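Model, not experiment: these values are computed from the prediction. Index from 1, following the sequence.
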Amino acid sequence: MSTQPGPPTAHPHRPHRPRILTGDTPTHTGLHLGHFVGSLENRLRLQDEYDCYFLIANVHAFTTLADKPELVRANTIGIVKDWLAVGLDPEKSTFVLQSEVPAIAELTFLFAMLLPFNKVMRNPTLKTEIDSKGLGDSYSFGFPMYAVGQCADILAFRPELVPVGEDQEAHIEMCRDVALKFNQMYCAVGNRVPAEEHAKAGTPGASGVFPVPKAKIGRVARLVGLDGVQKMSKSLGNAIFLYDSEKDVQKKVNKIVTGRASSTSPIDPKNTLVQYIDAFLPGERAEQIKADYASGKEVMDGHVKAELAAAINAIIDPMRKRREKLESPEGEARVIEVIRRGVKKANVVAEETLLMTKRAMRIEFGERRLDFPG
C-alpha cells in the first residue's frame, strides 16, 4: 500500500472531530490503576467524541532498555494487549507504533533546533526520572533527547488535547513552547496571538502549522502507590495492576498502612487508604466512610479495605477477562494486525504534518511515498 501526504480519510459515519494524542512507553508491560485513573479512563470516554491517536513509544523505551531489544518488543505487544483489554477500540481510534512513523524522528531533529539545551535539562519530569532511576551522569544522550521526541510524538498528529497524568504536564508545556515558537518563527504568527488561535492565524492565506495542544489531566492527577510515598509504579513495587487476580488485589490493599492507634482513632485525610476511597468508591459512600473516621466512630480498617478491594476488582475484572483471551497465538496475531492497520493511517497524518513543516521551513523539495506491507 502506498501512503503519501494528503488529508486523512474521514470515517464515513462521523463528522470531523477534534484530535487527541496520548500514549505509553513500553518500558514494561502491565498497566496499573495509576495509568487507569490518570489517563486510560479519559481515553475510554474520549474515543467516542474525538479523533484519537494512541502512541506506543517503543523508541523511547530504548533510553533505558537499549541492551534489551527483545524485552522492548515483548512489552510493545503487551501494551497493545493492555489497551485492548481496557477497552480501547482500534475501530474507533488509531494505535500508533512510534518506530514505524519516520516523520516523528525527522520532526524530533527539527524541533531540537528550537529548544535550548538548558531548558530541556530543567524539565522537572526529566529530572525526576533521572533521579528516580538512579542514572546519575550515566544516562545516554538519547535520554534527554526523548523529551524533545515527545514533542514530535504529539505535534506529528496536530492534536488539540493530550490526556496525561499530572507527572507528564511539564512535557506538554515544552510541546506547547515548540508549537508556539515554530508558528511564530516560520508561519509569521504574531507573538501576541492567543495560543488557541495559532492554527488560524499567520501569513496571508496561511496559518500556523501546529495547534497549541492542551494537557487534559485525569480525574486523579497523581495516584499514590501502596507505599504511600511515591506515585504508583511497577519499578517501585507499589502498584495494583489491571491484570492482578482478585486475591492479589485484596492482598495488596490489605498492606496499606493507616497509622491508626485504634479502631476509633481518626485517619490522616492524606492517607493512602483515604485517597483510594475517594478514587474508587462511589462518592456518597466515600464521604460516609470519611465522616465515620473523622467522628471517632468505630471503623474497622479491614472491613473498609475489603470493600475497597471489591470495588477495584469490579473495575478490573472485565479487563482481566479480555486480557486472558489475548494470551494466545490468535491474540498476538490480532495485536500485530491492529498495529499494522494503525501504522498505515498514522503515516498519512504524520507525513502530511512533516510536509507542512518542511514547506514552512523552506526545506521541502517534493513529496515522498511510503510503502507498507499487508
Answer yes if the side chains of [X] and [Y] hold a donor-acceptor pair under 3.5 Å, and no otherwise.
{"X": "Thr27", "Y": "Thr25", "result": "no"}
{"X": "Asn313", "Y": "Arg320", "result": "yes"}
{"X": "Glu298", "Y": "Ser263", "result": "yes"}
{"X": "Asn238", "Y": "Gln230", "result": "no"}
{"X": "Thr258", "Y": "Asp301", "result": "yes"}
{"X": "Gln275", "Y": "Asn271", "result": "no"}

Roughly how far, to the nearest 0.5 Å, is the [atom2] atom of [Y] from the [atom1] atom of [X]?
{"X": "Asn42", "Y": "Cys52", "atom1": "CG", "atom2": "SG", "result": "10.0 Å"}
{"X": "Leu226", "Y": "Lys251", "atom1": "CG", "atom2": "NZ", "result": "14.0 Å"}
{"X": "Ser93", "Y": "Lys345", "atom1": "OG", "atom2": "NZ", "result": "8.0 Å"}
{"X": "Leu273", "Y": "Asp268", "atom1": "CG", "atom2": "CG", "result": "11.5 Å"}
{"X": "Ile316", "Y": "Glu246", "atom1": "CD1", "atom2": "CD", "result": "8.5 Å"}

Transitive ILVMFWY side-chain link [X] to [Y], under 4.5 Å:
{"X": "Val59", "Y": "Ile56", "answer": "no"}
{"X": "Leu65", "Y": "Tyr146", "answer": "no"}
{"X": "Leu180", "Y": "Met185", "answer": "no"}
{"X": "Met232", "Y": "Leu281", "answer": "yes"}
{"X": "Leu161", "Y": "Leu21", "answer": "no"}

State, yes or no, whether a side-chain contact exists between [X] and [Y] at a heavy-atom distance under 4.5 Å.
{"X": "Leu88", "Y": "Phe54", "value": "yes"}
{"X": "Leu40", "Y": "Trp83", "value": "yes"}
{"X": "Leu223", "Y": "Tyr276", "value": "yes"}
{"X": "Leu242", "Y": "Phe36", "value": "yes"}
{"X": "Val224", "Y": "Val229", "value": "no"}
{"X": "Ile104", "Y": "Leu55", "value": "yes"}
{"X": "Arg334", "Y": "Leu326", "value": "yes"}
{"X": "Leu308", "Y": "Phe280", "value": "yes"}

Between the main-chain N or O of [Y] and the side-chain N or O of [X], is there a donor-acceptor pair closer than 3.5 Å?
{"X": "Gln150", "Y": "Cys175", "result": "no"}
{"X": "Asp292", "Y": "Lys297", "result": "no"}
{"X": "Arg322", "Y": "Ala85", "result": "yes"}
{"X": "Lys181", "Y": "Leu114", "result": "yes"}
{"X": "Ser39", "Y": "His35", "result": "no"}
{"X": "Arg19", "Y": "Phe157", "result": "yes"}
{"X": "Asn183", "Y": "Ala188", "result": "no"}
{"X": "Arg222", "Y": "Val220", "result": "no"}
{"X": "Asn347", "Y": "Glu100", "result": "yes"}
{"X": "Thr22", "Y": "Pro163", "result": "yes"}

Determine whether Ile79 and Asp82 satisfy the following criterion, side-chain contact (heavy atoms from CB on, under 4.5 Å), listing intermediate values before the conclusion. CA-CA 5 Å; Ile79 286 289; Asp82 291 338; 4.3 Å; yes
For [X] against [Y], the heavy-atom pair lying closest together:
{"X": "Pro211", "Y": "Pro159", "result": "CB-O, 3.8 Å"}
{"X": "Asn254", "Y": "Lys305", "result": "O-NZ, 3.2 Å"}
{"X": "Met145", "Y": "Ala112", "result": "CE-CB, 3.9 Å"}
{"X": "Ala350", "Y": "Val101", "result": "CB-CG1, 3.5 Å"}
{"X": "Ile240", "Y": "His32", "result": "O-CB, 3.1 Å"}
{"X": "Pro213", "Y": "Ile154", "result": "CG-CG2, 4.1 Å"}

Using side chain to side chain contact (heavy atoms under 4.5 Å, CB included) as the criterion, list what pairs up with Pro90, not counting sequence neighbours. Leu84, Phe95, Val338
Walk me through it: do Lys325 and Glu330 pass the test salt bridge (Lys or Arg N to Asp or Glu O under 4.0 Å)? CA-CA 9 Å; Lys325 292 180 180 179; Glu330 294 79 11; over 6 Å; no
With the threshold set at 4.0 Å, does a side-chain nitrogen-carboxylate oxygen contact exist between [X] and [Y]?
{"X": "Lys119", "Y": "Asp177", "result": "yes"}
{"X": "Glu106", "Y": "Lys358", "result": "yes"}
{"X": "Arg158", "Y": "Glu352", "result": "yes"}
{"X": "Arg341", "Y": "Glu91", "result": "yes"}

With side-chain hydrogen bond (donor to acceptor under 3.5 Å, both in side chains) as the test, would you mind laying out the steps for Gln47 and Asp89 before giving the verdict? CA-CA 8 Å; Gln47 68 178 351; Asp89 186 348; 5.7 Å; no
Trace of the side-chain contact (heavy atoms from CB on, under 4.5 Å) decision for Thr353 with Leu155: CA-CA 8 Å; Thr353 300; Leu155 294 179; 5.9 Å; no
Trace of the side-chain hydrogen bond (donor to acceptor under 3.5 Å, both in side chains) decision for Asn58 with Thr76: CA-CA 6 Å; Asn58 61 327; Thr76 295; 4.5 Å; no
Report the C-alpha separation of Phe182 and Met361 in whole Å, then their side-chain angles, then the decisive distance to 0.1 Å, and conclude whether the side-chain contact (heavy atoms from CB on, under 4.5 Å) test is met. CA-CA 9 Å; Phe182 185 96; Met361 298 179 73; 3.7 Å; yes
Do Phe143 and Phe62 have ring centroids that are under 6.0 Å from one another? no
Begin from the C-alpha positions of Glu287 and Lys290 and carry the test salt bridge (Lys or Arg N to Asp or Glu O under 4.0 Å) through to its verdict. CA-CA 5 Å; Glu287 292 303 317; Lys290 291 190 293 182; 3.1 Å; yes
Check the pair Glu49, Arg17 against side-chain contact (heavy atoms from CB on, under 4.5 Å), reporting the backbone distance first and the verdict last. CA-CA 7 Å; Glu49 304 171 19; Arg17 297 176 298 163; over 6 Å; no
Pairs involving residues 23-42, ordered by first then second residue, that meet salt bridge (charged side-chain N to carboxylate O under 4.0 Å, His left out) (sequence neighbours left out): Asp24-Arg43, Glu41-Arg219
